[in-house]
Amino acid sequence: MSLAAATIPAPSIEYSQLAPMLIVFGAAVVGVLVEAFAPRHLRRPAHLVLSLGGLATAFVLTCVIAGSASIFANGSPGHNAAMGAVAVDRPTLFIQGTILVLAFVSVLLIADSAQDVSPFAGQAAAAPGSPEEREGLLAGLVHTEIYPLTLFAVGGMLLFPASNDLLTMFVALEVLSLPLYLLCGLARRRRLLSHEAAVKYFLLGAFSSAFFLFGIAMLYGYSGSVSLAAIASTVSSNTGSTTLLFAGIALTGLGLLFKIGAVPFQSWKPDVYQGAPTPVTALMASCTVVSAFGALLRVFYVAFGNLTWDWRPAMWAVAILTMVIGAIIAITQTDVKRLLAYSSIAHAGFILTAVIAASAAGLSSSLFYLAAYGFTTVGAFAVITLVRDPGGEADHLSRWAGLGKRSPLVAGIFAFFLLAFAGIPLTSGFTGKFAVFQAAVAGGATPLVIVGVLASAIAAFFYVRVIVLMFFSDPVPDGPEVVVPSLFTGTAVGLGAVATLVLGIVPGPVLDLANHAATQLFVR
Amino acid sequence: MNGFPWLTVAGAIPLAGALLLALVPATPADGAEADRRAREQLVKALALVFSLAALAVVIVIAVRFNVSGPDFQFTESYSWIPQFGVHYALGVDGIALVLIGMTAVLMPVVILASWHDVPAAARHSVKTYFALMLVLETMMIGVFAATDVFLFYVFFEAMLIPMYFMIGSYGTGPRQYAAVKFLLYSLLGGLLMLVAVIALYVQATRSAATGFHGSFLFSELVHVSLSPAVQKWLFLGFFIAFAIKAPLWPFHTWLPDAAASAQPGAAVLMLGVMDKVGTFGMIRYCLELFPAAARYFTPLILTLAVIAILYGAIVAIGQTSLKRLIGYTSISHFGFIALGIFAMTTQGQSGATFYMVNHGFATGALFILAGFLIARRGSDRIADYGGVQKVAPLLAGLFLVSGLAGLSLPGLSTFVSEFLVLVGTFTRYKVAASFATAGIILASIYILWMYQRTMTGPVRDEVAGMPDLRPRELWAVAPLVALIIATGVYPKPVLDIINPAVRATMTQIHVTDPAPPHPAPAYLNNTTAYLKTAHPAAAQKGILP
C-alpha cells in the first residue's frame, strides 16, 4: 500500500454521548478567552456563569445520557464512543454525575469572596495584607484564571474514569493533574507552604505519571494494544509474556494508587492538602478521589478482571496498610487539614476493601461510598474556610478549642461531619461503610473487614478528639472567629450536611442508583 | 400486623420533645437573670412533660400487652433500605417490654433529679442537656423495641453520641478522658459487632430461610442455619460488644471512670438503662441467633460472670468515692445478670431479666440519692461525710432502703431476682452458684460499710447544716423506692410478663430445665434417661447420647 493512496479515515465521534465532557472543556476554553479579552471587572461574573452553568449543563446531559434508551438498548452495558477510546456506561455516568455535582459545590467555595478577600493570591509579589496587595486588589488584579483551570481539571476527571484505552487514560490523567498542580500553589496566605505543596505534588505526580506510562508500555508489549478490552482478551487467551503483564499491572496500579493516595504512595497527600488553598483541597479531596477510583475500578475490573487471583494479594496488602497507617498517623496530627488528609487516606483503604471484592456489589458499594464521602468532605472543608484567624484560616487544632461554645451551629455541623467520617449510624458514612464491608465479606475478605473495623476504631479516636476540643474544652482567649458564611459557602455546607444526613437515613434511592449502575459492570 | 404504631409513638414523643426544646430560643447574652430562669424552667418543665407522656404511652402498651399472646406484640414493619433487606421493624416480647417500662419510668425520675445539675455558670445550655436526655430515651426505647438486627445496631451505636456529650460536656472531674474512654470502648465493641452483623447478613443471603435475598429481620434470622464454626465467630462478635456494654469483667474498665465523671442523672441512665442493652442483647441475640455457640461458650462466660461478681464487689469495698463505689457494685450486679442468662434455666433467665429491671430502679435510686448528697456537700469522697442521718433523716432512710435493695434484702424486689438467678444457676452449675452466693455477703459489706461511714457516727461540721430532701427530690426518688418494695412483695405481675418470653427463648435455644432432684421415674417418657438409669456404667463412658 503506497503512502499516497492511504487516507486517514475521519474518526466517528458520538458527540451527543460525549457532550458532558465536551461542554466542560468548551466552557474551559471559553474561560481562557474571557481571561484574554474581557475587561477585568466583568471576568469574575462571566467565569461564574460559565463554570457553574457549564457544570450544571454537563450534569443535566449526564442524566439525559443515563436515561437514554438507545445506548442501553437490548440490555447493552453501554457503548464505546470515539472509536473505542471513551466508554459510556452506567458506572462511568454515575461517577461523572458525582464528580460534576461535587465540582459544582467546590466551585462555589472557590468563588466565595464574601470574606474580604478571596483565598487565592492576587499577585505573587504582593504580601498578604500589604498596601501593594490592596492597591492590586483595587485595580482588580486577581487570579480569575482559577475558573478555567478548575474546569480543565474537572474535564480531565470526567475523562479519566471513562477512558477505555490506556493512552486516553494517561492523557486524562495529565489533563486533570496539571491544572491542580497550579491551583495548589495559589494560596494567598502561607504562600511558602502552598508553593511547597505545588512543587511536591508536581514532582511526585510526574513520577507517578511516568510509572503509569511505563506500565502502559509494558502492557502494550504484552498484548500489542493499549485498549483495556484487548488486554483482557489477551489475558484470557493466555498468550504473551506474563513478566510484562505483571510488571504492567504493578506499574499502572502504582500510578492509579498514587492518585487515590493509598499507602505506600500517600506521602504527598497531607502536605498538598495542607498547603493548597482550602477550596482547592475540597476539590481534590472529593472530585479527584472519585475520579481516580473510577479509573482504578475500570482498569482492574475490565483489563485485569480475569486476574483477580494475581492482583488480589497485593491489593490486600495495600488496603491493610492504607487503612492502618492512615488511621494511626492521623492520631498525631495537629493541623485540621492534615488530619482530614490522613482520614482521606484511611477512607481510601476502606473503599479498596470493596474494590478487592471484584464483584457487582463491590462496584456498587464503592460508587455509593464515593458519593457519600465526597459530599461529607466538601462540607467539612467548607466549614474549615469559615473558621478564621486574623492571619487566615485557623488550621491548627489548638485554635479550635471551645469552638462549640462560641458558635454552636458551625461546630455542631463540623462534629456531624466528623461523626459521619467515623461511620456512626444515621450518617452517610455508616451506610457507605456498611455497603463496602458487606461487599468485602460477601467476597470472602472477612479478615480485611476486621482490620477495617479496627482501623475505624482508631480513626474514631481522632475524630472524637476534635469533638472533645470543640465542645468539651474551654475556649482559647482571642480564639478564631467564625465568619458568617456567604450564600456560596453556606450552600456548600448545607448541601454537604443534607446529603450526609439523607444518605444516612434514607439511602435507598442512591443505593438503587448505584446498584443499577453496577449490575452490568463496565462496558468492554 | 401494622396496627396503631404504639412503639413508634412511644419512641417519637421524647424525640419530638427534644426538637421542641431545641426551638426554645436561647437567652440573649445581655438577658436578665429572671428571663434566663424563666426559660430554664420552661425547658425543664417541657422535658418532664414529654417524658411523662412517653411513660403514659408505655403504660398503655403494658396494659394492652397480652401475656398469653404471641411472642412479639405491637409489631410494626416497614421496608427501610430494601437494597440490604433492612426493615424498620419494631415489636416487644415480655423481656423487651419490662425494659422499655423501666426506661420510661426512670426518665422522668432522672429529669426531676437532674433539675439543678447544670449549674448557672455552665459551659453549655440547660436545654441541650435535657434535649440530649430525651434523644437518648428515644434511642433506648428503639434499641429494646427493634426486631431488625440492623435497626438494633443503628440505635445501639447512635445511642452513644448523646451520652458521650452528656458526660463530656456536663460531667465533673476528668470528664473528657472519661467520655472518650466510654465512647472508644463502646465503638470498638460496636464495630466488632458490625462485622458479625454483616457476616450474618451474608450468611442469610445464602440461606433458604430468607429466600436467598438476605434479611435482617430477627424472625427470619433465627431460622438461618449456620455452621458451628461460623456460629462461634459471630457469637463472639456480638458477645464482645455486649460484654463491653454490660460491662462484664474484663471489659469493664471504662465504667467506673464514666460513672464517676457523669452527672448523677446521666450516670443513672448509663448504668440503669444503656448498660442493660448489653445484657438484653445477650439474651435476645447471642442466645437466640447462635444457640449452639452459646452453649459452647457457656463455661467461659459463667467463669467471667463469677469473677465479675466477686471482683466488682471486692473492689467496691475498697473505693473511697461514692460514685465509683456504686459503679463497681454495678459490675458485680451485671455479673449476676450474665450468670442468670447463661445458666440456661427458666428461673435463671427470668431472674436475670427481672434483675435488669430491679437493678435499674435500685441502683438508680441509690445513685440519685448519692447525687443529692454530693450536691449538698460538694464532695464525692466517702470520708467527707458522717452522721448524715441525724441532720437529714429522710435522705438517709431512703439511701438505706436503696442500699439494702442493692444487697438484695428479702422483701425488696432485688431479692426475688437474685434468688431466682442463684436457684436457676444452682440446678445446673453448682460450683458457679456457690461462688456467686459469696457475692451477697460481699454486697452487705460494701453497702453497710458505706452507709455506716457516711450516715452514722458523729455529725461532721461540714455536714451539720445539710438540708433534708426537698419535695422535688422526694418526688424523684419515692416512686423508685415504692416500686422496689411493691415488686419485692408481689413480683408476680412482672414475672408473668417475663416468663413467656423466657420460655420462648429456651425453646429457641433447645434447652430444657434440668429435672428436679427426685423426679418421677424418667424412663416412663424418656428412653435415654431410662438407659442411663438402667446402665449407669454405659452412661459414664459416654456411650449414651
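Letters A, B, ... are given to chains in the order of the sequence lines, protein chains preceding strands, and every chain is numbered from 1. Because only heavy atoms are used, hydrogens play no part in the values below, and waters and symmetry mates are left out as well, while side chains stay in.
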Student: Any non-hydrogen side-chain atom of A/I424 less than 4.5 Å from a side-chain atom of B/L187?
Tutor: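 Yes; the side chains approach each other to less than 4.5 Å.
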Student: Non-hydrogen atoms of chain A under 4.5 Å away: do they reach the side chain of B/L160, the backbone, both or neither?
Tutor: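 For B/L160, no heavy atom lies under 4.5 Å from chain A.
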Student: Among the options B/F155, B/Y164, B/F150, B/F156, pick out the one with the most heavy-atom pairs lying under 4.5 Å from chain A.
Tutor: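 Between B/F155, B/Y164, B/F150, B/F156, the count favours B/Y164.
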Student: When you compare the side chain of A/L454 with that of B/L188, does any pair of heavy atoms fall below 4.5 Å?
Tutor: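 SC-SC contact between B/L188 and A/L454 confirmed.
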Student: Rounded to the nearest 0.5 Å, how far apart are CG of B/L194 and CD1 of A/I450?
Tutor: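 So the gap between those two atoms works out to 11.0 Å.
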Student: Identify which part of A/L511 has an atom lying under 4.5 Å from any heavy atom of chain B, answering side chain, backbone, both or neither.
Tutor: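 Both backbone and side chain.
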Student: Identify the heavy atoms of A/L426 and B/M139 that sit nearest to each other, and give their distance.
Tutor: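 Closest approach of A/L426 to B/M139, heavy atoms only: CD1-CE, 4.4 Å.
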Student: Using every non-hydrogen atom in the two residues, find where A/P507 and B/I81 come nearest and quote the distance to one decimal.
Tutor: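 Nearest pair, atom of A/P507 first, then B/I81: CG-CD1, 3.5 Å.
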Student: Kindly say whether the aromatic ring centers of A/F434 and B/Y153 come within a distance under 6.0 Å.
Tutor: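 No: the rings miss the under 6.0 Å criterion.
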Student: With side chains defined as the heavy atoms from C-beta onward, is the minimum distance between A/F461 and B/V180 less than 4.5 Å?
Tutor: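 In contact.
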Student: What do you reckon, is CH2 of A/W316 surrounded by more than 12 foreign heavy atoms closer than 6.0 Å?
Tutor: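 Counting neighbours around CH2 of A/W316, more than 12 heavy atoms of other residues, nucleotides or ligands fall under 6.0 Å, so yes.
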Student: Heavy atoms only, distances under 4.5 angstrom: which of A/V506, A/L419, A/T427, A/D512 has the most pairs with chain B? Name it, please.
Tutor: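 It is A/D512.
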Student: Can you tell me how far NZ of A/K433 sits from CD1 of B/I198, rounded to the nearest 0.5 angstrom?
Tutor: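 The distance works out to 10.5 Å.
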Student: So for B/F165, is it side chain, backbone, both, or neither that comes closer than 4.5 Å to the heavy atoms of chain A?
Tutor: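 Both parts, heavy atoms under 4.5 Å.
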Student: With chain B, which of A/N515, A/T431, A/I467 has the greatest number of heavy-atom pairs at distances under 4.5 Å?
Tutor: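 The answer is A/I467.
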Student: Between B/Q83 (side chain) and A/G508 (backbone), is there a donor-acceptor pair under 3.5 Å?
Tutor: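 Yes.
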Student: Answer with side chain, backbone, both or neither: which region of B/W233 has an atom nearer than 4.5 Å to a non-hydrogen atom of chain A?
Tutor: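 For B/W233, there is no contact with chain A at all, as no heavy atom is under 4.5 Å.
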Student: For A/A440, which atoms come within 4.5 Å of any heavy atom of chain B: side chain, backbone, both, or neither?
Tutor: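 Neither part; nothing is under 4.5 Å.
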Student: Quick check: B/Y170 with A/F472 (ring centres under 6.0 Å apart)?
Tutor: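 For A/F472 and B/Y170, the ring centres are not under 6.0 Å apart.
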Student: Can you give me the closest heavy-atom contact between A/A457 and B/L191, atom names plus distance?
Tutor: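 A/A457 and B/L191 have their closest heavy atoms at N-CD1, 3.5 Å.
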Student: What are the two closest non-hydrogen atoms of B/Q176 and A/V468, and how far apart are they?
Tutor: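 Looking at all heavy atoms of both residues, the closest pair is OE1-CG1, 3.6 Å.
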Student: For a side chain to side chain contact (heavy atoms under 4.5 Å, CB included) check, start with the C-alpha distance between B/Y201 and A/V441, then their side-chain angles and the critical distance, and finish with the verdict.
Tutor: CA-CA 10 Å; B/Y201 171 74; A/V441 171; over 6 Å; no
